[in-house]
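For reference, the structure discussed in these notes is given below.
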Amino acid sequence: MYQFINTVLIGITSGAIYSLMAIALVLVWRSTRVVNFAQAGMALLSTYIGYECIQRFHSFWLALFIAMIAGAGIAAAVDSVFMRTLFRRVSHGPIAGVAPIIATLGLLGLIRAGLGLFVGNADVSIRPPVSNIGYTISGHTLAFSPLKLVIVSSAMTLMLALSLLFSKTNIGLSLRASAFSPEIARLAGVKVDRVRTLGWAIAGAAGAAAGILQTPNGTGALSPDSLDFSLLLVFGFIAAVIGGLDSLLGAVLGGLLLGLVLAFVLTYISGSLVFITAFVLLIIVLLVRPQGIIGMNRGRRA
Amino acid sequence: MSLQVTDLSVDHGAIRAINKITFRVETGELAAVIGANGSGKTTLLRALSGLNRSAQGSAKWKDFELLHTKPELLVRRGVSHVSEGKSVIPELSVEENLSLGALWRHDRAGSLQMRDKLLEHFPRLAERLKQSADTLSGGERQMLAICRALMSQPELLLLDEPSLGLAPLMVAQIFQNIRDLTTTMGLTVILVEQNAMSALKVADIGIVLNLGSIAASGPAKSLIADPQVRAAYLGY
């Protein structure tokens, strides 16, 4: 019983981080129809900025905040300088469809290699803000610790804030309108190009939060060639696809579902099956329900 | 104070969709642009609203050049365009579709006032405010699209085939609504329509397009009476 509760809590914690990453990918997909592989690189860069802040100001929360701002800035710059130029230069021809995807892959490599040159390839570690020693309930020590509680509640709070932003504010309305129908949004007076960059910025902030939260959730170690960030991208992407790639709610549910499934596989079957399970889940969703768990019947618009 | 279109041409690749047309619509007039499929009606509107950037010539609204100005900026100059095929966003609620048109004004009180005024005219929309636009009937969607455009408080309204896909009874009602709104709100309206007779009946002036050129134009009443126009475009 304790093991079961433990597994659920651990699953929700990593799931919430996958959800944040999935949100980042969905936001960019919705606003520009690009699967942004560079998201992992941007998150890594933001996490390094967060790490520097922790070293200097000794505050995890300030670091999280600054990293999110930096993540937003990086993403906005990537969209307005790099992607917009790219869209202008390769709007036609056979390369037009894949060019943005290849470009984000290139950017991912560039950020990682550039960061390696700049900070070196040695591991640094992010000190967790609270203890990572599990809670004890009537003699049983859980793997769920104060740190995990902080991580899961931060991720949930950010997602709640995002959902309020999207559903209740004018900015959210512009973002949704521009994503669903750019032409009608423009006719209604929405400056779609700016809104698109804003979508990237929010994605950058969500990705940065995912990066900062997942590092202490794992080993705490951070390096430019970190495998954890590659996994974060892969799992975030799988979560986004499970959720239908077009839906923010889907991204959240997809992340939580993936986190739970992987935690149960890890606890009750074998750690070596975790990676395989994630991909099997992806393939099953694509074959059985390609529009995602809450996707609309119209299917995916590419 | 009028819309003055001079020598307007639009090319679609190698095909000339509109060939040097010139016309004038006075402020407060409802102008019906009619013609067969492919006569260039939609292209004309898309050039006027800035969606088509390849237009040549000139189209001045109150000394302001419409051609090559982005639609999101034209809205701020009082020009609203309802594009072909029920220009609403089905994923958003009725209320959100309406609000969208007034976002750029940053005037919450003014926009609510405008909304209430429109909802008074269209109680069907008022009852469905929280529903997604997807659930509306064709006619309701068309009215929502027009109301969304009116939320921007335009002076010049460009309407592209509002009757498309609607039942005949609904068509008559939509046209009557457009006529009423033109008069009560002091709008200038360019109404592009395949449904020539219904459009001319409510219009002040008519412009008949044929293969990108103006085949006939003048007061709507005299176009309806013109035997040649009747034979070629009104079907009897």
Side-chain angles (χ1 to χ4, degrees), chain A residues 26-27 29-31 33 80 84 87-88 91-93 163-199 243-251 291-292 294-302, chain B residues 13 45-46 48-53 69-108 111 130 132-134 141 144-154 157-160:
Chain A
V26 165
L27 278 175
W29 169 257
R30 291 211 312 189
S31 65
R33 302 282 138 184
S80 55
R84 215 176 279 182
F87 281 125
R88 218 176 22 243
S91 58
H92 301 292
S163 101
L164 289 176
L165 174 78
F166 271 86
S167 59
K168 303 283 180 209
T169 69
N170 287 345
I171 289 173
L173 180 55
S174 313
L175 280 159
R176 282 183 293 146
S178 307
F180 292 132
S181 175
E183 182 173 299
I184 295 176
R186 292 182 76 195
L187 290 176
V190 177
K191 291 180 175 165
V192 171
D193 280 348
R194 277 195 213 177
V195 170
R196 184 171 286 175
T197 303
L198 182 67
L245 207 53
D246 241 347
S247 154
L248 290 175
L249 179 63
Q291 72 272 36
I294 63 161
M296 296 172 208
N297 294 327
R298 280 180 296 164
R300 200 154 294 151
R301 295 166 301 171
Chain B
L45 274 203
R46 291 178 73 87
L48 294 182
S49 73
L51 281 175
N52 186 319
R53 309 293 294 277
T69 307
K70 292 177 179 173
E72 57 268 36
L73 299 181
L74 282 182
V75 172
R76 290 162 171 77
R77 292 286 189 147
V79 182
S80 276
H81 179 185
V82 178
S83 55
E84 196 177 353
K86 305 179 190 75
S87 170
V88 302
I89 302 184
E91 290 90 345
L92 301 181
S93 72
V94 170
E95 189 174 28
E96 288 170 335
N97 268 287
L98 288 174
S99 310
L100 193 62
L103 280 188
W104 62 271
R105 300 180 58 85
H106 300 292
D107 171 15
R108 205 178 157 70
S111 113
K130 301 286 175 196
S132 94
D134 212 16
R141 270 202 209 198
L144 176 59
I146 293 172
C147 287
R148 187 266 297 153
L150 293 175
M151 286 295 287
S152 303
Q153 306 202 9
L157 184 62
L158 309 171
L159 298 176
D160 198 349

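Below, chain A is the first sequence line, B the second, and so on; all start at residue 1. Side chains are part of it too, since the values below use all heavy atoms of this structure and drop only hydrogens, waters and symmetry mates. Everything quoted here is computed from the prediction, not taken from an experiment.
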* Just how far is it from atom OG of B:Ser49 to atom CZ of A:Arg186, taken to the nearest 0.5 Å? -> 9.0 Å
* Around A:Leu164, counting heavy atoms of other residues, nucleotides and ligands shown, do more than 12 lie under 6.0 Å from its CG? -> yes
* Straight-line distance of A:Leu187 CG to B:Leu158 CG, nearest 0.5 Å -> 9.5 Å
* Asked: Are any non-hydrogen side-chain atoms of B:Asn97 and A:Ile184 less than 4.5 angstrom apart?
  -> no
* Asked: Measuring from A:Glu183:CD to B:His81:NE2, what's the distance to the nearest 0.5 Å?
  -> 7.5 Å
* Asked: In this structure, are over 12 heavy atoms from other groups packed under 6.0 Å from B:Arg77 atom CZ?
  -> no
* Asked: Is it the backbone or the side chain of B:Leu74 that comes under 4.5 Å from a heavy atom of chain A, or both, or neither?
  -> neither
* Asked: Which atom pair, heavy atoms only, marks the closest approach of B:Glu96 to A:Ser167?
  -> OE2-O, 4.4 Å
* Do other residues, nucleotides or ligands put more than 12 heavy atoms under 6.0 Å from A:Arg194 CZ? -> no
* Region of B:Leu103 that comes under 4.5 Å of a non-hydrogen atom in chain A -> side chain
* **A:Ala188 versus B:Arg148, closest heavy-atom pair with distance** => CB-CD, 3.9 Å
* To do: Would you check if B:Glu91 and A:Arg176 make a side-chain contact, meaning some heavy-atom pair closer than 4.5 Å?
  => no
* For the student: nearest non-hydrogen atoms of B:Val75 and A:Gly189, plus distance -> CG2-N, 3.9 Å
* To do: Would you mind checking which part of B:Arg46 comes under 4.5 Å of any heavy atom in chain A, side chain (CB onward), backbone (N, CA, C, O), both or neither?
  => side chain
